[in-house]
Amino acid sequence: MELVLFVHILGMAMWIGGGLAGMLVASTAQGEPAAVKAGAFRIVARLHTMVIGFGALIVLGTGVILTMALDTEGLGDLMRDPKLWVMIVTGIVAGLMVLFVGLPTATRLGALSVVSTKGTLPPAFETYRKRLVVVSGVSGGLAILALLAWYIF
């Protein structure tokens, strides 16, 4: 189980670290010309697919294994602890948000990151950018809450 716990924590580091890197790239590109902004958001889309989404998938999968292992290792009483349930529920909600809303939005945003001959981005670009900001902020906050749940409650 130590290996599964290590992989779980590694996935969380990928998820949160990738999110922080994506926020840095996106916020740095805000005042730039359309071509630079388009390139930055193609990088953000790749971060979501290769790092953030993969990290969230690892965390959800290993989280299920770790939860099931509580009973087999005689630690079933921990399932009554509210701290564990805060961790489980916030982690599941955040992970599902990343996989089913964040990833498709980031992929669409990356596809829309094409500068027209007029030097502008498509009108839908801003809509998807705002959606990704909200989804990433909420899911990232929930992921951090899940990470800290054991120490807060």
Side-chain angles (χ1 to χ4, degrees), residues 1-30 37-113 121-153:
M1 276 304 119
E2 290 82 16
L3 178 62
V4 176
L5 182 60
F6 172 76
V7 172
H8 188 72
I9 293 169
L10 178 65
M12 186 60 98
M14 289 174 63
W15 180 357
I16 293 174
L20 291 173
M23 286 191 319
L24 178 66
V25 169
S27 65
T28 303
Q30 284 309 311
K37 190 183 284 191
F41 279 94
R42 281 193 296 274
I43 291 170
V44 168
R46 288 186 189 138
L47 267 173
H48 270 270
T49 55
M50 292 188 232
V51 180
I52 299 168
F54 187 58
L57 189 61
I58 289 171
V59 170
L60 288 174
T62 55
V64 168
I65 293 168
L66 289 168
T67 303
M68 291 186 330
L70 286 176
D71 190 42
T72 60
E73 293 189 8
L75 300 171
D77 289 343
L78 276 176
M79 290 303 289
R80 289 191 216 113
D81 193 339
K83 296 184 249 185
L84 183 65
W85 281 103
V86 169
M87 188 185 312
I88 290 171
V89 171
T90 56
I92 289 172
V93 170
L96 292 177
M97 283 180 72
V98 166
L99 295 174
F100 292 108
V101 182
L103 278 177
T105 302
T107 303
R108 174 65 85 176
L109 190 60
L112 287 171
S113 295
L121 291 163
F125 178 87
E126 198 59 28
T127 302
Y128 283 101
R129 186 194 67 77
K130 289 177 182 175
R131 183 183 304 166
L132 188 61
V133 166
V134 171
V135 169
S136 296
V138 172
S139 64
L142 288 172
I144 291 171
L145 180 61
L147 183 64
L148 298 174
W150 197 257
Y151 302 102
I152 293 175
F153 297 99

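Contact between Ala149 and Val86 at its shortest, heavy atoms only, is CB-CG1, 3.7 Å. Across all their heavy atoms, Val59 and Gly11 have their closest contact at CG2-C, 3.4 Å. In terms of heavy-atom proximity, Val25 sits nearest to Ala40 at CG1-O, 3.6 Å. Counting all heavy atoms, side chain and backbone alike, Ala94 lies closest to Leu142 at CB-CB, 3.6 Å. Minimum interatomic distance between Leu121 and Ala38 (heavy atoms only, all atoms of both residues): CD2-CB, 3.8 Å. Contact between Ala45 and Ala106 at its shortest, heavy atoms only, is CB-O, 3.2 Å.
The distance from the CE atom of Met97 to the OG1 atom of Thr105 is 10.0 Å, given to the nearest 0.5 Å. Expressed to the nearest 0.5 Å, how far CG of Leu96 lies from OG of Ser139 amounts to 11.0 Å. Here the CG atom belonging to Leu20 is positioned 7.5 Å from the CD1 atom belonging to Ile16, to the nearest 0.5 angstrom. Atom-to-atom distance recorded for Leu5:CG and Thr62:OG1 is 8.5 Å, nearest 0.5 angstrom. Rounded to the nearest 0.5 Å, atoms CE (Met23) and CG (Leu47) are 11.5 Å apart. The line from CE of Met87 to CD1 of Ile92 is 12.0 Å long, rounded to the nearest 0.5 Å.
The number of heavy-atom neighbours closer than 6.0 Å to NZ of Lys130, taken from other residues, nucleotides and ligands shown, is 12 or below.
Judged as a side-chain hydrogen bond (donor to acceptor under 3.5 Å, both in side chains), and not counting sequence neighbours, the contacts of Arg129 are Glu126.
Side-chain N or O atoms of Ser27 include one that pairs as donor or acceptor with a backbone N or O of Leu24 at under 3.5 Å. The backbone N or O of Tyr128 sits nowhere less than 3.5 Å from a side-chain atom of Arg108 that would complete a donor-acceptor pair. Looking only at distances, no side-chain donor or acceptor of His48 sits under 3.5 Å from a matching main-chain atom of Leu103.
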Step-by-step side-chain contact (heavy atoms from CB on, under 4.5 Å) determination, Ile58 to Leu10 | CA-CA 8 Å; Ile58 289 171; Leu10 178 65; over 6 Å; no
Test side-chain contact (heavy atoms from CB on, under 4.5 Å) applied to Leu60 and Leu99, step by step = CA-CA 10 Å; Leu60 288 174; Leu99 295 174; 3.6 Å; yes
Verdict with supporting geometry, Phe41 and Phe125, ring pair (Phe, Tyr, Trp, His ring centres under 6.0 Å) | CA-CA 10 Å; Phe41 279 94; Phe125 178 87; 5.3 Å; yes
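Counting only heavy atoms from C-beta outward, the side chains of Leu84 and Leu70 approach each other to under 4.5 Å. Two residues are said to be in side-chain contact when any heavy atoms from C-beta on lie closer than 4.5 Å; Leu145 and Ile152 meet this criterion.
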